[in-house]
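Notes for the one structure printed next.
Starting from 1, each residue takes its place in the sequence as its number.
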Amino acid sequence: MDIQSVKQKFNIIGNSENYLRALEVAIRVAPTDLSVLITGESGVGKEVFSKIIHELSNRKHHAFIAVNCGAIPEGTIDSELFGHEKGAFTGAVDSRKGYFEVVNGGTIFLDEIGEMPQSTQSRLLRVLESGEYIRVGSSKVHKTDVRVIAATNVNLQEAIATGKFREDLYYRLNTVPINVPPLRERQGDIPLLFRRFTTAFSDQNKMEPIRLTDDAKILLKQYRWPGNIRELKNVAEQMTVLLPTREANADDLRRFLNPQPQYSQSHLPILSDFSSSNDAQYSEREIMYKLLFDMRKDINDLKGFLLNLAERGAIPNEMLHNDILQVNDKNDAIATPTPNEFNPYVISPLSFNTNSAYNTDENETFNPNNAQAEVIEESYSLADKEKEMIVKALRKYKGRRKLAAKDLGISERTLYRKIKEYDIQE
């Protein structure tokens with residue numbers, strides 16, 4: 001069956017290239033018994049693809065059942081899928097068949113597969129590999145012939161990395177992957193879908209459908225639709241009921257759209273208040289970012305200070321130079337400037353003593369012969385800097401850890417651990 005015939009049979013609207021590509025994969029894999037993993041954001045219509053695959057398969061005359069794995073409590077999902085024996089647990093007053101037994105010969109659609117508990121994942125893997133399963137509370141092995149189609153809106157590879165999903169089950173389910181694109185990547189289909197939804201709802205309720213002006217159609221395409229088709233349908237139905245007129249412009253449409261979050265334009269790392277259990281994993285990195293930003297700010301302040309002194313004549317230009325400085329003696333810190341190497345944007349490791357030769361008091365006379373520079377041996381250890389910042393924050397807030405932690409951009413629990421680690425006496 002070709003794509004156009006499938007679209008007519010299942011009332012599918014969509015002409016975008018990426019959507020048609022996903023539909024073509026579903027049509028090609030349908031006659032086989034291969035497992036299929038459908039991925040995509042919530043609300044893109046993954047269940048529609050599972051029904052297409054079942055209806056175009058050799059199992060179309062057998063049962064089809066859709067199971068939302070995320071909606072079944074962890075304690076009962078094994079019983080729901082594989083059944084249980086009488087007395088297997090409290091409340092099991094009779095034996096019960098599971099979905100895999102009821103749908104024998106047909107297709108089972110496991111939606112939100114990423115929410116399935118790991119113990120159930122092991123049982124599912126056995127069904128996929130051998131077609132065998134055991135009821136809860138039984139030792140008898142049962143056989144089933146069921147095609148499994150799974151779907152998820154989460155990244156299963158990330159779930160594997162965090163230990164929440166079995167890698168062997170992922171590859172067993174992902175025999176044929178189908179990715180359903182989000183609505184924002186199908187801009188040309190959005191006005192068509194809107195017209196379908198508002199027309200169907202109007203006919204059902206004996207109302208005149210909504211017509212969109214050109215500026216409303218542009219806004220309809222530009223909106224990101226985080227809820228995808230489900231959100232678009234809701235907006236179409238709300239406008240059909242609530243708008244007093246039958247023609248909607250951009251301002252009318254905007255009233256029914258959820259406000260979009262304002263995303264920061266900066267791509268620099270930022271500090272966050274981590275309060276979850278894995279905040280310790282990020283605390284060192286976040287403190288390091290804060291240290292680097294503070295150091296850069298100090299360097300820029302020092303540059304501005306030195307340039308200001310040079311402009312006022314407190315420091316001759318030849319005294320500002322690059323990082324090649326000669327120290328005459330180990331015991332004194334008299335710096336011999338390198339001539340003709342003025343570069344105010346390179347900061348020397350020598351720190352000028354502003355209390356003597358570089359005093360900015362206008363009533364004092366500058367004497368270049370008395371110009372001295374202090375050699376400051378500064379530690380660049382991140383651990384030392386981290387300890388120093390924590391001590392400063394505790395002093396600033398007089399030992400109040402909660403305020404100090406907030407100022408540092410870390411959680412209070414991480415601050416406790418750092419205080420103990422560095423043996424900081426409050």
**OP:** List in chain and number order the residues that pass side-chain contact (heavy atoms from CB on, under 4.5 Å) with Leu20, two or more places apart in sequence or in another chain; answer none if no residue qualifies.
**Re:** Ile3, Lys7

**OP:** Would you check if Glu247 and Thr213 make a side-chain contact, meaning some heavy-atom pair closer than 4.5 Å?
**Re:** yes

Subject >> Salt bridge present between Arg400 and Glu412 (N-O < 4.0 angstrom) >> reply: no

Subject >> Criterion salt bridge (Lys or Arg N to Asp or Glu O under 4.0 Å) on Arg21 and Glu24, from CA distance to verdict >> reply: CA-CA 5 Å; Arg21 190 183 306 118; Glu24 182 180 5; over 6 Å; no

Original post:
Would one find more than 12 heavy atoms of other residues, nucleotides or ligands at under 6.0 Å from atom CD of Glu74?
Top reply: no

Original post:
Parallel, tilted or perpendicular: which describes the rings of Phe64 and His54, with under 30° parallel and over 60° perpendicular?
Top reply: tilted

**OP:** Give the intermediate values and the outcome of salt bridge (Lys or Arg N to Asp or Glu O under 4.0 Å) for residues Lys51 and Glu55.
**Re:** CA-CA 6 Å; Lys51 292 179 179 179; Glu55 290 295 328; over 6 Å; no

Original post:
Under the salt bridge (Lys or Arg N to Asp or Glu O under 4.0 Å) criterion, do Arg172 and Glu129 qualify, and how do the steps go?
Top reply: CA-CA 8 Å; Arg172 190 64 182 81; Glu129 291 180 341; 5.4 Å; no

Original post:
Do the non-hydrogen side-chain atoms of Leu257 and Leu219 ever get within less than 4.5 Å of each other?
Top reply: yes

**OP:** Could you give me the CA-CA distance, side-chain angles and deciding distance for Ile12 and Tyr19, then say whether side-chain contact (heavy atoms from CB on, under 4.5 Å) is met?
**Re:** CA-CA 11 Å; Ile12 293 176; Tyr19 189 78; 3.7 Å; yes

Original post:
Do side-chain atoms of Thr198 reach the backbone of Arg195 as a donor and acceptor pair under 3.5 angstrom?
Top reply: no

Original post:
Donor-acceptor pair, Thr240 side chain versus Ser202 backbone, under 3.5 Å?
Top reply: no

Original post:
Is it true that atom CZ of Arg395 has more than 12 heavy atoms of other residues, nucleotides or ligands lying nearer than 6.0 Å?
Top reply: no

Original post:
For Gln118, does its backbone N or O pair with a side-chain atom of Arg166 as donor and acceptor, under 3.5 Å?
Top reply: no

Original post:
Can you name the closest pair of heavy atoms from Ile38 and Ser50 and give their distance?
Top reply: CD1-N, 3.9 Å

Original post:
Considering residues, nucleotides and ligands other than Lys9, do more than 12 of their heavy atoms fall under 6.0 Å from its NZ?
Top reply: yes

Original post:
Under the side chain to side chain donor-acceptor pair (under 3.5 Å) criterion, do Thr39 and Asn179 qualify, and how do the steps go?
Top reply: CA-CA 5 Å; Thr39 58; Asn179 180 259; 3.0 Å; yes

Subject >> side-chain contact (heavy atoms from CB on, under 4.5 Å) between Ile72 and Met116, worked out >> reply: CA-CA 9 Å; Ile72 305 176; Met116 179 177 286; over 6 Å; no

Original post:
Can you list the steps and then say if Leu37 with Ile178 is a side-chain contact (heavy atoms from CB on, under 4.5 Å)?
Top reply: CA-CA 6 Å; Leu37 180 62; Ile178 297 177; over 6 Å; no

**OP:** Could you tell me whether a side-chain N or O of Asn228 sits under 3.5 Å from a main-chain N or O of Pro182, the two making a donor and an acceptor?
**Re:** no

**OP:** Using distance alone, with no hydrogens and no angle criterion, decide if Arg147 and Ser35 have a side-chain donor and acceptor under 3.5 Å apart.
**Re:** no

Original post:
Once you round to the nearest 0.5 Å, how far does OG1 of Thr414 lie from CD1 of Ile419?
Top reply: 11.0 Å

Subject >> Step-by-step side-chain contact (heavy atoms from CB on, under 4.5 Å) determination, Val67 to Phe109 >> reply: CA-CA 6 Å; Val67 181; Phe109 174 55; over 6 Å; no

Original post:
Nearest heavy-atom pair of Glu85 and Ser138: which atoms, and what distance?
Top reply: CG-CB, 3.3 Å

Subject >> Arg230 and Ser42: side chain donor to acceptor below 3.5 Å >> reply: yes

Original post:
Checking Thr144 side chain against Gly131 main chain: does a donor-acceptor pair fall under 3.5 Å?
Top reply: no

Original post:
Counting N and O atoms only, with roles assigned by atom type, does the side chain of Lys143 sit under 3.5 Å from a partner on the main chain of Ser130, one being a donor and the other an acceptor?
Top reply: yes

**OP:** Might you confirm whether atom CZ of Arg28 has over 12 heavy atoms from other residues, nucleotides or ligands at distances under 6.0 Å?
**Re:** no

**OP:** May I have all residue pairs that pass salt bridge (Lys or Arg N to Asp or Glu O under 4.0 Å) and include part of residues 99-119, sequence neighbours excluded?
**Re:** Glu101-Arg135

Subject >> Exercise: do Thr120 and Asp78 side chains pair donor with acceptor under 3.5 Å >> reply: yes

Original post:
Would Arg255 and Asp252 pass as an ion pair if we require N to O under 4.0 Å?
Top reply: yes

Original post:
Is the side chain of Asn205 donor-acceptor paired with the backbone N or O of Met207 at a distance under 3.5 Å, no angle test?
Top reply: no

Original post:
Does the Asp189 side chain pair with the main chain of Asn15, one donor and one acceptor, at a distance under 3.5 Å?
Top reply: yes

Original post:
Between Arg96 (side chain) and Gly83 (backbone), is there a donor-acceptor pair under 3.5 Å?
Top reply: no

Original post:
How close do Glu132 and Val127 get, heavy atom to heavy atom, and via which atoms?
Top reply: O-CG2, 3.4 Å

Original post:
Any sub-3.5 Å donor-acceptor pair from Arg184's side-chain atoms to Trp225's backbone N or O?
Top reply: no

**OP:** Quickly, which of Glu231, Arg254, Gln187 forms a side chain to side chain donor-acceptor pair (under 3.5 Å) with Tyr223? Name it, please.
**Re:** Glu231

Using a 3.5 Å cut-off and no angle test, enumerate the donor-acceptor pairs between side-chain atoms of residues 151-159 and protein atoms at least two apart in sequence or in another chain.
| from | atom 1 | to | atom 2 | distance (Å) |
| --- | --- | --- | --- | --- |
| Thr152 | OG1 | Val154 | N | 3.1 |
| Asn155 | OD1 | Gln157 | N | 3.0 |
| Asn155 | OD1 | Glu158 | N | 3.3 |

Original post:
Is it true that the side chains of Ser79 and Thr76 contain a donor and an acceptor less than 3.5 Å apart?
Top reply: no

